[in-house]
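Naming convention: chains lettered A, B, ... in sequence-line order (proteins, then strands); numbering from 1 in each chain. If you're wondering where the values come from, they're calculated on a predicted model, not measured in any experiment. Just so it is clear, the values below take in all heavy atoms, side chains as well, and ignore hydrogens, waters and symmetry mates.
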2 protein chains.
Amino acid sequence: MSIEPARRVRRSPEAARENILQSAERLLLERGPQGLKLVEVAQGAGVSHATVLHHFGSIDGVQTALAEAMIRQLVARVLAAERPDDPEAQLEGVGQVLFDAFESAGGARLAAWLELTGETRRLTLVREAVAEVISGPMAQKGVDPERATNLILVAVSLAMGVGLIGRSLAELVGRPPETTREAALAFLKSGLAAAIRV
Amino acid sequence: MSIEPARRVRRSPEAARENILQSAERLLLERGPQGLKLVEVAQGAGVSHATVLHHFGSIDGVQTALAEAMIRQLVARVLAAERPDDPEAQLEGVGQVLFDAFESAGGARLAAWLELTGETRRLTLVREAVAEVISGPMAQKGVDPERATNLILVAVSLAMGVGLIGRSLAELVGRPPETTREAALAFLKSGLAAAIRV
DNA sequence: GGTTCTATTGACATTTTTGTCGGTAACTCT
DNA sequence: AGAGTTACCGACAAAAATGTCAATAGAACC
């Protein structure tokens, strides 16, 4: 009975990186930044930790790449929301998508993580996304850029807060977890409507 | 020339813990959760790492104690805002204080940290604070508890978001860092006024 | 002064985490 | 089939981080 060396899976470099990053993301969302250990990431991806190093150089490399990928994902998701529908529906839609993006995809935890680790400097993607929204759907509705920017800042911050602590906050005061999100959405909607109408 | 053993500082247990926790808080705010290492905490406090262990048992002990202390601080700060002044001023005041608490004292980073590490279960303090606000100033203004709770959920979430990413978000779109905070404050104020008036 | 208590510490031990290196195996191309 | 490329892995090395322990030294009290 000789010991069979396990059959290797050989991926393309891109696929390998992708696979590893998925594992890393899972870990980040489940256990937080502390849980982002080399061996665990490797285990979750079904590879040896040496392989992770081969593709990313170091654990910091993994973190950076992960942040990059998640930001890209988040921005794309939000931008996908701008469709030239009727204003009301779109208003609602933007709110929905924004909250979704920050909650379900772990966007809030990502942002928090970035902020906590001080990686917030080089977020060109985000800047571009904001610019796009301001010059796109907002301007189209006749909102002046100054005000539009402010609205976006508030909306994103709110989405961030809700996505991060909304659920546990609601549970903390004995309400169903979606309560915060719903309340915030209503609040945001009426506020936006008021701000645009003026 | 014999080597003098450095003179020891002997503190009371409480003072020693306090001293260490201050160092830990500084580190948490400056470098994030990753930077909370035993030796660094000790160094910052001017003691040996063995001393830290003597007082807190383990690094987790430090984290738990730190979280506890910071939460206590945050809640106290917010609750200090409920004074029976005139409604308008108080409205403004509560917003101010809420945002202050979450921004300056690192409350947002604390909350984010707690959330990321999944320590959100046993936050009795927060629950009690919310209950106090609901049955206190809110009820006094005739806001029904259901609505009051929702408002608080939204306000806290917003404060959280602003405190965490407000500054860098504003800078990201080329505005002065306080922009987000000011916009959010205005937004919150008008929203609150509207909600209460109805 | 002497005694007691314990906060403090340096030195050591253990565990965890990260990184290195030579060889192996999967895939492509000829 | 043979050769070249390189993703992959096991084993080892190094570093970092946490934890243990016996001895020391402040401070209070007698």
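Crowding of A/Q43 atom CD: a count of heavy atoms from other residues, nucleotides or ligands under 6.0 Å not exceeding 12.
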Evaluate the criterion salt bridge (Lys or Arg N to Asp or Glu O under 4.0 Å) for residue pair A/E40 and A/R31; output intermediate values, then yes/no. CA-CA 11 Å; A/E40 295 196 53; A/R31 313 200 192 168; 2.6 Å; yes

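A salt bridge links A/E68 with A/R72; the closest basic N to acidic carboxylate O contact falls under 4.0 Å.
Among the protein residues, B/H49 comes within range of the nucleic acid bases, having at least one heavy atom under 4.0 Å from a base atom. Among the heavy atoms of the strands, none lies under 4.0 Å from B/S12. When heavy atoms are screened at a 4.0 angstrom cut-off, A/I59 is found touching the sugar-phosphate backbone but no base atom. Among the atoms of the strands shown, base atoms are found under 4.0 Å from some heavy atom of A/A50.
Of all heavy-atom pairs between B/R127 and A/E171, the closest is NH1-O, 4.3 Å. In terms of heavy atoms, B/L158 sits closest to A/V154 at CD1-O, 4.0 Å.
Per the geometry, CD belonging to A/Q43 stands 12 Å off P belonging to D/dG10, to the nearest Å. For the pair A/E40 CD and C/dT18 C1', the computed distance is 14 Å after rounding to whole Å. One atom, CG of B/L38, and another, C1' of C/dT14, lie 14 Å apart when rounded to the nearest Å. Summarising the geometry, the separation between CZ on A/R11 and C1' on D/dC8 is reported as 10 Å, rounded to the nearest angstrom. What separates NZ of A/K37 from P of D/dA17 is a distance of 9 Å, to the nearest Å. The interatomic distance linking B/F56 (CZ) with C/dT8 (C1') rounds to 15 Å, in whole Å. The distance from atom CD of B/Q34 to atom C1' of C/dT16 is 15 Å, rounded to the nearest whole Å. Separating the CD1 atom of A/I20 from the C1' atom of D/dC9 is a distance of 13 Å, rounded to the nearest angstrom.
Here D/dG19 is the nucleotide among C/dT17, D/dA7, D/dG19 with the atom lying nearest to any side-chain atom of B/L53. Checked against C/dT9, D/dC9, D/dT18, the side chain of A/S48 finds its nearest nucleotide in D/dC9. Among the nucleotides D/dA27, D/dG19, D/dC9, the one closest to the side chain of B/R7 is D/dA27. Between C/dG19, D/dC8, D/dT18, one nucleotide has an atom nearer to the side chain of A/S58 than all others, and that is C/dG19. Nearest nucleotide to the B/R8 side chain, out of D/dT24, C/dT17, D/dC9: D/dT24.
The 5' end of DNA chain D is approached more closely, in terms of each residue's nearest nucleotide, by B/L36 than by the other of B/L36 and B/V9. Between A/D60 and B/H54, the residue anchored nearer the 5' end of DNA chain C, judged by the nucleotide with its closest heavy atom, is B/H54.
Put simply, the side chain of A/R10 and the base of D/dC8 share no donor and acceptor less than 3.5 Å apart.
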